[in-house]
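Each remark here refers to the structure printed beneath this line.
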Amino acid sequence: MEWYDKKTYIEVYPPKEFSFYECIAFLSRSSQEVLHQIKDGSIYKLLKIEDSLVLCRIRYEENAIKVDFPDRQPEKEGCSLVAKFIWEWFDLEADLKEFYQLASNDGILKGIAKSYSGLRIMCIPDLFEALVWAVLGQQINLTFAYTLKKRFVERFGESLMFAGETYWVFPTYEKIASLQVDDLRELQFTVRKAEYIIGIAEEMVSGNLSKEKLLQKRDFNEVKKSLVSIRGIGDWTANYVMMKCLHDTSSLPIADVGLHNALKNILGLERKPSIEEIKEYAANWSGWEAYATFYLWRSLYDEAI
DNA sequence: ATCCAGGAACTGT
DNA sequence: ACAGTTCATGGA
């Protein structure tokens, strides 16, 4: 059903190890998600490109990810930024052949690597969004984390209405840096979370913290050091962000409760594994710890459904 | 009601 | 460096 004039569209060619279906399954994990919508096998996502809001419809046809623009189409440079976003969002740079090779010889990963074949880490290309989402998720259940995110986005983000639907983009760090703790308390953020998030926004406004600067570091150890030096960012958050935003396939949020639960399920353990035990399992995942973690997280949703 | 959640800072040793 | 404590609140 074409309910708008399809003008031009963008095509992005993913590597062979790619399943749009698996990626959509991951993106569908919460009904409270406000930063994209899934409808009829297409993803609708609003992006801010060169200061204007661009609604994208993303689908998969004939081995290509195709993006078109229901509302209005960006200029040429805008289109290449959209393509760049898609490339990052689906983590298309990673060469999963290596991961699958490794997984085929690993008792824990063997089954899930096959079950979710083609699933890629669904990234959060925007550093501020990745950091805020990680802080929101700290020590609360995911359902409530989504509630907080929804309130945050709908209070401070920008939106576009199209065909009766409202689409949102994540708030900018400039906007959040101008807030007081009480502005976030109203949304039921704890004082701690509010302080962390405003502090992170201020660091980004000052220019001390940026994705570009982080990616210029010598190695991911350096990246981690500078992330952890920021208040509110501990080991877990730093690893989460390196995995979801900075494309570090070897980051391992080893303290993650979801990871522990997934391992417990797959191994049929009575209790959650200890950190030491996880280190032993992970010794076999070298270079692909983030993918191992992501696939293990994915295995948790099947239980829930 | 009770336990825990995709932790981190703080405090004392 | 390391372990224990506090924070803080909705979900299941």
Side-chain angles (χ1 to χ4, degrees), chain A residues 25-33 35 91 108 112 116 119 121-124 129-152 181-203 209 221 224-246 248-249 251-266 269-279 281-282 285 289-305:
Chain A
F26 177 81
L27 291 176
S28 306
R29 72 196 185 285
S30 172
S31 56
Q32 294 195 85
E33 178 61 62
L35 295 178
D91 199 31
I108 294 170
I112 55 179
Y116 312 128
L119 172 66
I121 293 180
M122 289 309 300
C123 291
I124 306 177
E129 181 188 335
L131 285 164
V132 171
W133 176 236
V135 169
L136 286 182
Q138 288 169 6
Q139 195 57 15
I140 58 173
N141 61 75
L142 264 184
T143 309
F144 186 49
Y146 273 108
T147 301
L148 293 178
K149 174 170 121 174
K150 187 172 191 311
R151 290 177 186 160
F152 184 72
V181 168
D182 283 345
D183 298 325
L184 294 176
R185 286 285 301 163
E186 283 178 26
L187 311 184
Q188 278 180 290
F189 285 41
T190 62
V191 171
R192 204 71 54 93
K193 281 192 201 302
E195 287 172 351
Y196 293 167
I197 287 166
I198 294 171
I200 287 166
E202 286 169 346
E203 282 293 301
L209 174 62
N221 269 331
K224 188 162 167 182
K225 253 194 249 173
S226 73
L227 281 173
V228 170
S229 72
I230 297 164
R231 185 158 179 269
I233 304 179
D235 185 79
W236 179 85
T237 302
N239 277 113
Y240 182 85
V241 167
M242 291 193 309
M243 158 183 181
K244 296 274 285 188
C245 180
L246 304 176
D248 176 11
T249 58
S251 77
L252 176 64
I254 197 160
D256 184 80
V257 178
L259 175 63
H260 301 176
N261 287 332
L263 287 169
K264 175 172 173 283
N265 289 344
I266 285 189
L269 306 176
E270 289 293 317
R271 50 166 181 80
K272 292 181 197 172
S274 69
I275 298 295
E276 283 310 313
E277 288 167 330
I278 297 171
K279 280 182 183 166
Y281 306 138
W285 306 339
E289 292 88 340
Y291 265 88
T293 301
F294 197 72
Y295 273 61
L296 284 163
W297 283 345
R298 172 65 182 81
S299 74
L300 291 169
Y301 309 138
D302 286 345
E303 306 268 325
I305 298 166

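In what follows, every heavy atom counts, from backbone to side chain, and hydrogens, waters and symmetry copies are set aside. A note on names: the letters A, B, ... follow the listed sequences, proteins ahead of strands, and every chain is numbered from 1.
Within the 4.0 angstrom heavy-atom criterion, no nucleotide atom of any strand lies near A:Lys244. At a threshold of 4.0 angstrom between heavy atoms, the contacts of A:Ile230 are confined to the sugar-phosphate backbone, with no base atom among them. A:Arg29 comes within contact range of at least one nucleobase, with a heavy-atom separation under 4.0 Å. Here A:Ile233 lies in heavy-atom contact (under 4.0 Å) with sugar-phosphate atoms only.
The shortest distance between the side-chain N/O atoms of A:Arg231 and the OP1/OP2 oxygens of B:dG7 is not below 4.0 Å. At B:dA5, none of the side-chain N or O atoms of A:Thr143 fall inside 4.0 Å of OP1 or OP2 (strictly under the cut-off). Between A:Lys272 and the phosphate of B:dA5, there is a side-chain N or O to OP1/OP2 separation shorter than 4.0 Å. In this structure, A:Gln139 does not reach the C:dA8 phosphate: none of its side-chain N or O atoms is under 4.0 Å from OP1 or OP2.
Note: CH2 (A:Trp236) to C1' (B:dG7) measures 8 Å, nearest angstrom. As rounded to whole Å, 11 Å separates atom C1' of C:dT6 from atom OH of A:Tyr196. Rounded to whole Å, the distance from CG on A:Asp235 to C1' on B:dG7 is 10 Å. Spacing between atom CG of A:Leu300 and atom P of B:dC4 amounts to 17 Å, rounded to whole angstrom units. Note: CG (A:Leu142) to P (B:dA5) measures 11 Å, nearest angstrom. The distance between atom NZ of A:Lys193 and atom P of B:dG7, rounded to the nearest whole Å, is 9 Å. Spacing between atom CG of A:Leu136 and atom P of B:dA5 amounts to 18 Å, rounded to whole angstrom units. B:dA9 atom C1' lies 14 Å from atom CD1 of A:Ile200, rounded to whole Å.
Here the shortest heavy-atom pairing between A:Cys123 and A:Met243 reads SG-O, 4.3 Å. Contact record, A:Asp183 with A:Glu186: O-CB, 3.8 Å, taken as the closest heavy-atom pair.
Sequence order on DNA chain B of the closest nucleotides to A:Asn141 and A:Ala238 puts A:Asn141 first from the 5' end. Mapped onto DNA chain B by nearest heavy atom, A:Val228 and A:Gly137 fall at different nucleotides, with A:Gly137 at the one closer to the 5' end.
In this pair, A:Trp297 and A:Phe294 present their aromatic rings perpendicular. The plane angle is above 60°, beyond the 30 to 60° band.
In this structure, the nucleotide among C:dG11, B:dG7, B:dA5 sitting nearest to the side chain of A:Thr147 is C:dG11. Comparing B:dG7, C:dG11, C:dC7 against the side chain of A:Val257 picks out B:dG7 as the nearest.
Cation-pi check for A:Arg29 over A:Phe26 is met; the charged atom lies under 6.0 angstrom from the ring centroid and within 45 degrees of its normal.
Using modelled atom types, one finds no donor on one side chain facing an acceptor on the other under 3.5 Å when comparing A:Thr143 with A:Gln32.
Here, B:dA9 and C:dG10 have their C1' atoms 22 Å apart, quoted to the whole Å.
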